Amino acid sequence: MNFGIAQPYGVSNGILPYEKYFFAGGGTSIRAWQARRLGPGSYTPPLNENGYFDYRFEQPSEMIIESMLEYRRKLVGYFDMALFIDAGNAWNIGVEDSRPGGDFQINRFYKEIAVGTGIGLRMDFDFLIIRLDMATKAIDPARPEGERWILNKLSFKRPLGEKGQTVFNFGIGYPF
């Protein structure tokens, strides 16, 4: 589990330095989203020309809650497999007009928890672990309430779901 909050103080004029913000998504976070693209909260990214979410821009936030559950099993030699579920999101402390729904509210934050699930291959060399993960979005808080469960978009015709639903990650060391 991972939790963090950052609040500017002093002469910063209420603005955090960019490297102090929290980001959700990617190989060391909620793996079903591209790196730094999840959130904040239920903010809905703009749609691209094909009608899918446009995840081109990073989504900095001032608060983060993440958790991960991973089951690992030895395969053969240096190779292990993993099944995992990641859950969490990032939020802003105050209202930001340019990203509506991105602020943390105690009465709705639990509805904005993103969930991703997946499978991975681990190469465990005792001194170095190399990860290859395939993660799929299960609950997407950027969608309207009642439409956030998207794991049902997987099918034999579309084994990776809709465009952008499944993400492949490469990592060194364990996530989190």
Side-chain angles (χ1 to χ4, degrees), residues 1-4 6 17-41 43-50 52-91 102 112-143 148-176:
M1 195 141 193
N2 182 26
F3 171 79
Y18 192 75
E19 67 274 4
K20 298 297 181 186
Y21 279 101
F22 292 104
F23 296 91
T28 59
S29 181
I30 312 298
R31 291 170 271 188
W33 274 261
Q34 294 173 346
R36 300 176 165 223
R37 301 309 195 262
L38 172 59
Y43 166 70
T44 302
L47 299 177
N48 63 21
E49 60 279 351
N50 298 325
Y52 296 107
F53 289 142
D54 185 358
Y55 287 114
R56 285 184 292 170
F57 304 104
E58 294 181 348
Q59 300 298 331
S61 302
E62 298 160 338
M63 180 178 168
I64 193 166
I65 300 173
E66 298 177 310
S67 64
M68 185 239 340
L69 180 66
E70 187 169 290
Y71 170 76
R72 299 180 196 118
R73 182 172 180 100
K74 193 124 186 97
L75 290 176
V76 60
Y78 293 109
F79 292 95
D80 300 342
M81 61 86 63
L83 300 172
F84 59 85
I85 297 173
D86 300 332
N89 205 338
W91 293 268
E112 299 171 340
I113 299 292
V115 178
T117 185
I119 188 167
L121 179 68
R122 310 284 185 258
M123 289 164 268
D124 188 350
F125 300 109
D126 293 331
F127 62 92
L128 175 71
I129 296 167
I130 299 173
R131 294 183 292 114
L132 301 170
D133 291 326
M134 180 180 78
T136 301
K137 295 172 180 73
I139 299 175
D140 188 352
R143 296 173 187 268
R148 293 182 175 169
W149 175 259
I150 62 170
L151 198 57
N152 60 354
K153 301 213 183 262
L154 300 176
S155 67
F156 284 112
K157 287 184 179 180
R158 300 186 77 157
L160 301 179
E162 62 184 26
K163 184 173 171 46
Q165 184 174 352
T166 300
V167 176
F168 294 90
N169 289 295
F170 170 81
I172 296 176
Y174 286 122
F176 287 56

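Quick caveat, the model's predicted, so the values are computed rather than measured.
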Is there side-chain contact between [X] and [Y], with heavy atoms separated by less than 4.5 Å?
{"X": "F168", "Y": "L132", "answer": "no"}
{"X": "R131", "Y": "F170", "answer": "no"}
{"X": "L128", "Y": "I172", "answer": "yes"}
{"X": "D86", "Y": "V115", "answer": "no"}
{"X": "L151", "Y": "T136", "answer": "yes"}

Restricting to non-hydrogen atoms, name the atom on [X] and the atom on [Y] that form the minimum distance, rounded to 0.1 Å.
{"X": "A6", "Y": "F22", "value": "N-CE1, 3.7 Å"}
{"X": "F23", "Y": "S29", "value": "O-OG, 4.2 Å"}
{"X": "G116", "Y": "A32", "value": "CA-CB, 3.8 Å"}
{"X": "G161", "Y": "L154", "value": "N-CD2, 3.2 Å"}
{"X": "D126", "Y": "D124", "value": "N-OD1, 3.0 Å"}
{"X": "G120", "Y": "F84", "value": "N-CE2, 4.2 Å"}

[X] side, atom [atom1]; [Y] side, atom [atom2] - distance, nearest 0.5 Å:
{"X": "I30", "Y": "I64", "atom1": "CD1", "atom2": "CD1", "result": "7.0 Å"}
{"X": "K163", "Y": "F53", "atom1": "NZ", "atom2": "CZ", "result": "14.0 Å"}
{"X": "M81", "Y": "L83", "atom1": "CE", "atom2": "CG", "result": "4.0 Å"}
{"X": "M68", "Y": "T28", "atom1": "CE", "atom2": "OG1", "result": "10.5 Å"}
{"X": "Y21", "Y": "M63", "atom1": "OH", "atom2": "CE", "result": "15.5 Å"}
{"X": "M134", "Y": "R31", "atom1": "CE", "atom2": "CZ", "result": "12.5 Å"}

Going by an N to O cut-off under 4.0 Å, is there a salt bridge joining [X] and [Y]?
{"X": "D80", "Y": "K74", "result": "yes"}
{"X": "R122", "Y": "E70", "result": "yes"}
{"X": "D140", "Y": "K153", "result": "no"}
{"X": "D54", "Y": "R56", "result": "yes"}

Donor-acceptor contact below 3.5 Å, side chain Q165 vs main chain I150: yes
Main-chain N/O of A142 paired to T44 side chain as donor or acceptor, under 3.5 Å: yes
Evaluation steps, side chain to side chain contact (heavy atoms under 4.5 Å, CB included), between Y18 and E58: CA-CA 11 Å; Y18 192 75; E58 294 181 348; 2.4 Å; yes
F3 atom CZ, over 12 foreign heavy atoms within 6.0 Å: yes
Pair Y43-E112, side-chain donor/acceptor within less than 3.5 Å: no
